[in-house]
Amino acid sequence: MTTRIFSATTAKDYAHARSLIECYTRFLGLDLSFQGLADELEQLDTMYGPPLGALLMAEHEGKVAGMVGLRPLSDEIAEMKRLFVLPAFQGKQIGRMLVQAFLERAKALRYRKVRLDTVAKLVTANALYRRMGFYEIPPYRFNPFPDAMFWEKTIA
């Protein structure tokens with residue numbers, strides 16, 4: 001079984017990413033409008049694009065399987081957004097591969113830390129973050145959900 005992680009660069013890649021984010025929001029069952037999701041979907045190539053960001057995609061056996069977005073939070077801190085693996089591809093270590101590729105890219109872009117926010121009900125994702133060396137921190141941004149969690153990892 002072959003999984004390939006690559007950076008989104010084409011209009012087709014960004015269209016796949018948009019579709020994945022839409023699947024992700026349905027999967028979550030939460031209203032993410034407080035994060036400006038509608039604008040984000042229209043600006044994926046600039047919000048997650050070079051030179052300070054990346055949209056990393058996973059392709060498993062030739063099919064788009066997942067993604068994660070990297071964007072600057074500050075000069076030294078990258079933010080991980082929209083980590084998602086389609087349900088049909090979960091359990092194949094694709095989430096771990098995306099996080100690993102994210103961390104490598106963030107380090108190459110000279111970020112010193114990575115932060116993310118999520119919700120407690122994403123048990124598998126939170127266990128992955130903990131296994132990969134993330135630790136819980138106080139809120140660094142507004143999140144209205146009572147079970148919101150905030151994670152950080154030092155990478156440099």
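Between E22 and R18 there is a salt bridge, since at least one side-chain N of the basic residue sits less than 4.0 Å from a carboxylate O of the acidic one. The pair R110-E76 does not count as a salt bridge, with every side-chain nitrogen at least 4.0 angstrom from each carboxylate oxygen.
At least one side-chain heavy atom of R96 sits less than 4.5 Å from a side-chain heavy atom of M132. Side chains of K63 and F89 form a contact here, defined as non-hydrogen atoms less than 4.5 Å apart. Taking 4.5 Å as the limit, every side-chain heavy atom of N126 sits out of range of all side-chain heavy atoms of T124. The side-chain heavy atoms of R115 and I137, taken from C-beta on, include a pair separated by under 4.5 Å. Counting heavy atoms from C-beta outward, L103 and V114 have side chains that approach closer than 4.5 Å. Two residues are said to be in side-chain contact when any heavy atoms from C-beta on lie closer than 4.5 Å; L109 and L70 meet this criterion. The side-chain heavy atoms of V68 and K81, taken from C-beta on, include no pair separated by under 4.5 Å. Counting only heavy atoms from C-beta outward, the side chains of R112 and T154 never approach each other to under 4.5 Å.
Once rounded to the nearest 0.5 Å, the distance linking CG of L55 with CZ of R105 reads 10.0 Å. Within the model, atoms CZ of F84 and CG of L20 stand 7.0 Å from one another, a figure rounded to the nearest 0.5 Å. Atom NZ of residue K113 and atom CG of residue L73 lie 11.5 Å apart, to the nearest 0.5 angstrom. Distance check: Q93 CD to L98 CG gives 11.5 Å after rounding to the nearest 0.5 Å. For the atom pair CD (E104) and CD1 (I5), the distance works out to 10.0 Å, reported to the nearest 0.5 Å. The line from CZ of R71 to OG1 of T46 is 11.0 Å long, rounded to the nearest 0.5 Å.
The two atoms that bring I21 and L44 nearest to each other are CD1-CD2, 3.7 Å, heavy atoms only. Among all heavy-atom pairs drawn from P72 and Y111, the shortest one is CB-OH, 3.2 Å. The nearest pair of heavy atoms linking A78 to F102 is CB-CZ, 4.5 Å. The shortest heavy-atom contact between F150 and P138 is CB-O, 3.9 Å. Nearest heavy-atom pair, Y129 versus L83, reported as atom, atom and distance to 0.1 Å: OH-CD2, 3.5 Å. In terms of heavy atoms, I155 sits closest to A106 at CD1-CB, 3.6 Å.
The main-chain N or O of W151 is never found under 3.5 Å from a side-chain atom of Y135 such that the two would form a donor-acceptor pair. The main-chain N or O of V85 is found under 3.5 Å from a side-chain atom of Q90 such that the two form a donor-acceptor pair.
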**Request:** Take V99 and F134, measure what side chain to side chain contact (heavy atoms under 4.5 Å, CB included) needs, and give me the verdict at the end.
**Result:** CA-CA 11 Å; V99 172; F134 285 80; 4.2 Å; yes
**Request:** Just do the side chain to side chain contact (heavy atoms under 4.5 Å, CB included) check on M149 and V119 with the steps written out, would you?
**Result:** CA-CA 5 Å; M149 299 176 72; V119 289; over 6 Å; no
**Message:** Between T2 and H60, is the side chain to side chain contact (heavy atoms under 4.5 Å, CB included) condition met? List the steps.
**Reply:** CA-CA 6 Å; T2 305; H60 184 76; over 6 Å; no
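Hydrophobic clustering of Ile, Leu, Val, Met, Phe, Trp and Tyr side chains at less than 4.5 Å, counting indirect connections, unites Y48 with L52. Hydrophobic clustering, with ILVMFWY side chains joined whenever heavy atoms are under 4.5 angstrom apart, groups L116 together with F145.
Using modelled atom types, one finds a donor on one side chain and an acceptor on the other under 3.5 Å when comparing E79 with Y140.
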